[in-house]
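No hydrogens, no waters, no symmetry mates; every other heavy atom, side chains included, goes into these values.
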Amino acid sequence: MDSFEYNSGRLCCEGVTLEQVAREVGTPVYVYSEAAIRRQVELFSESFKQVPHLICYAVKANSNLSVVRRLAQWGAGFEIVSGGELFRVLKAGGSSSKVVFDGPGKTVEEIRYALESEILFFNVESAAEAELIATTARAMGKRARVSLRTNPDVDPGTHPYISTGMKEHKFGIALEEAEALYVKLRNTPEIEVVGVTCHIGSQITQLEPYREAVESLRVFVKRLQNQGIPLRYLDFGGGLGIAYDGEEPPSASCYADLVIGATKDLGLTLILEPGRVIVGNAGVLLTRVTFIKDQGSKRFIIVDAGMNDLMRPALYGSHHQVWSVSQKKSTQIADLVGPICESSDFIARNRELPAFEPGELAAVMSAGAYGFSLSSNYNSRPRVPEVLVSGDTYEVIRRRETYDDLIRLEQP
């Protein structure tokens, strides 16, 4: 996380101290580095430059309009999983012609909205969904571009909640079933078959699952091509992991070498759907210590950020490094916990942490992906603001919610 470094003992995001952000915006607050986001986009673009490709950022990772707008300005496309994400992309100036629509439960309203917006294509996850898309397109007098999300039954070696490419998962279509569906859809007037898709999971830190998946996909694509199925795109999904706790995930260039090596002779444009790897290490959750509580031999560091602000530790048992905003050498074994009335409300458990005192600031690292986007108003807590740093300046790209915001849509 080289956009977050200590300068004279003070933790900075690019050229802005986190102390300044806390003083002027308050805590808790998400802080993102624009330079770090852009650097990852450029790394992916450079790594795949030798072949036709489109980087479709996974909006679910971090869907803030300012983040999405910058990605659109840098030429990115977008992978969406809801009508709401499509709305965000369009509001942020993204091109609908660079949007692919994933997800196993698309509604008629979402399909209609996507067809009206003329997205690049739908990633279809079942025969029933293909029929619904065809029926909807027929009623609208349109033709829908589709790619089938195939399920290669590959274990990605990640947390089971973010593993998506095995037969036991709800995602995609088994290869043997997908082949028959391709043949059927080729003769469906309202459907234009344009590609093959595969996405095996998230936070993948080894190349082997990708190698297994792309080799399986290569054989499948060639079989379809030999049957005269018209294909233009190969969507290999996303999922490349980041370092949360000493992991050493493959670089974008190593990942690209593997994918390109197995697919460059197929004559297809590659679609990549990176999300976490683009924004994950570009953000932190900045929080303030409120109390230190010793209970027997156990020490709790209580902060003002809760599981409603950062769900990942409670949801997945995820590890986030915790840094002190004022550089410290002394440490303590403790739990870093929030104010929510749940025992699962923790950020770190039984960890060696900086020796925090009440009032001091802590930075929860690698929180740019699936941080704010998973946040909620649980315990009637207003959601926190988001800040984007660019050089030595920052802007608030989402204000802190107020108590009035909590009840704005409710009937008193």
Side-chain angles (χ1 to χ4, degrees), residues 48 50-56 77 79 96-104 106 111 114-115 118-154 164-167 171-200 210-238 256 258-273:
F48 283 92
Q50 63 178 286
V51 295
H53 71 277
L54 176 63
I55 295 171
C56 289
E79 181 256 341
S96 60
S97 65
K98 294 182 177 180
V99 170
V100 296
F101 196 160
D102 284 13
K106 304 176 188 72
I111 293 168
L115 286 169
E118 299 185 347
I119 66 168
L120 182 59
F121 59 79
F122 295 91
N123 278 324
V124 173
E125 305 221 18
S126 67
E129 181 193 325
E131 179 60 33
L132 182 61
I133 290 174
T135 300
T136 305
R138 186 181 310 123
M140 297 175 66
K142 290 185 175 290
R143 196 167 186 228
R145 291 181 292 272
V146 305
S147 176
L148 299 191
R149 178 173 175 176
T150 59
N151 187 324
D153 198 27
V154 170
T164 61
M166 300 180 70
K167 287 183 177 179
F171 300 98
I173 307 169
L175 291 177
E176 57 272 19
E177 297 173 15
E179 186 170 354
L181 185 54
Y182 271 106
V183 172
K184 177 181 178 181
L185 293 179
R186 178 175 57 182
N187 299 316
T188 303
E190 298 81 17
I191 296 292
E192 179 186 0
V193 174
V194 297
V196 175
T197 298
C198 173
H199 179 78
I200 60 173
Y210 287 123
R211 182 175 287 106
E212 186 178 347
V214 76
E215 289 174 356
S216 174
L217 209 59
R218 172 185 173 80
V219 171
F220 183 69
V221 167
K222 281 188 166 293
R223 195 156 67 238
L224 294 179
Q225 290 176 329
N226 289 338
Q227 295 183 62
I229 304 293
L231 301 173
R232 299 184 346 230
Y233 301 101
L234 175 58
D235 185 339
F236 198 55
L258 171 65
V259 177
I260 293 171
T263 62
K264 63 183 177 182
D265 64 333
L266 296 177
L268 304 177
T269 295
L270 282 174
I271 305 288
L272 293 313
E273 300 176 359

Euclidean distance, [Y] [atom2] relative to [X] [atom1], rounded to 0.5 Å:
X: Cys198; Y: Tyr210; atom1: SG; atom2: OH; value: 10.0 Å
X: Phe220; Y: Ile229; atom1: CZ; atom2: CD1; value: 9.0 Å
X: Glu129; Y: Arg149; atom1: CD; atom2: CZ; value: 10.5 Å
X: Arg145; Y: Leu115; atom1: CZ; atom2: CG; value: 9.0 Å
X: Leu54; Y: Leu272; atom1: CG; atom2: CG; value: 8.5 Å

Stepwise side chain to side chain donor-acceptor pair (under 3.5 Å) test for Thr135 and Glu131: CA-CA 6 Å; Thr135 300; Glu131 179 60 33; 3.2 Å; yes
4.5 Å side-chain heavy-atom contact, [X] and [Y]:
X: Ile119; Y: Val100; value: no
X: Val196; Y: Thr150; value: yes
X: Leu266; Y: Lys222; value: yes
X: Glu177; Y: Leu148; value: no
X: Glu179; Y: Leu224; value: yes
X: Phe122; Y: Ile111; value: yes
X: Asp235; Y: Phe121; value: yes

Looking at every non-hydrogen atom in both residues, tell me the closest pair between [X] and [Y] and how far apart they are.
X: Ile191; Y: Arg143; result: O-NH2, 3.3 Å
X: Glu125; Y: Gly103; result: OE2-N, 3.1 Å
X: Gly195; Y: Tyr182; result: O-OH, 2.6 Å
X: Asn123; Y: Lys106; result: O-NZ, 2.8 Å
X: Val51; Y: Lys264; result: CG1-CB, 4.3 Å
X: Ala130; Y: Leu185; result: CB-CD2, 4.0 Å

Other residues, nucleotides, ligands: >12 heavy atoms within 6.0 Å of Lys142 NZ: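 More than 12 within 6.0 Å, yes.
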Atom CD of Gln227: over 12 foreign heavy atoms under 6.0 Å: yes
Option passing side-chain contact (heavy atoms from CB on, under 4.5 Å) with Leu234 (candidates Thr197, Leu270, Val259):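 Checked Thr197, Leu270, Val259 against Leu234; only one passes side-chain contact (heavy atoms from CB on, under 4.5 Å): Leu270.
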Partner of Leu120 by side-chain contact (heavy atoms from CB on, under 4.5 Å), out of Val194, Ile271, Val99: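 It is Ile271, the one option of Val194, Ile271, Val99 that forms the side-chain contact (heavy atoms from CB on, under 4.5 Å) with Leu120.
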Test log, rule side chain to side chain contact (heavy atoms under 4.5 Å, CB included), inputs Glu273 and Asp102: CA-CA 10 Å; Glu273 300 176 359; Asp102 284 13; 3.2 Å; yes
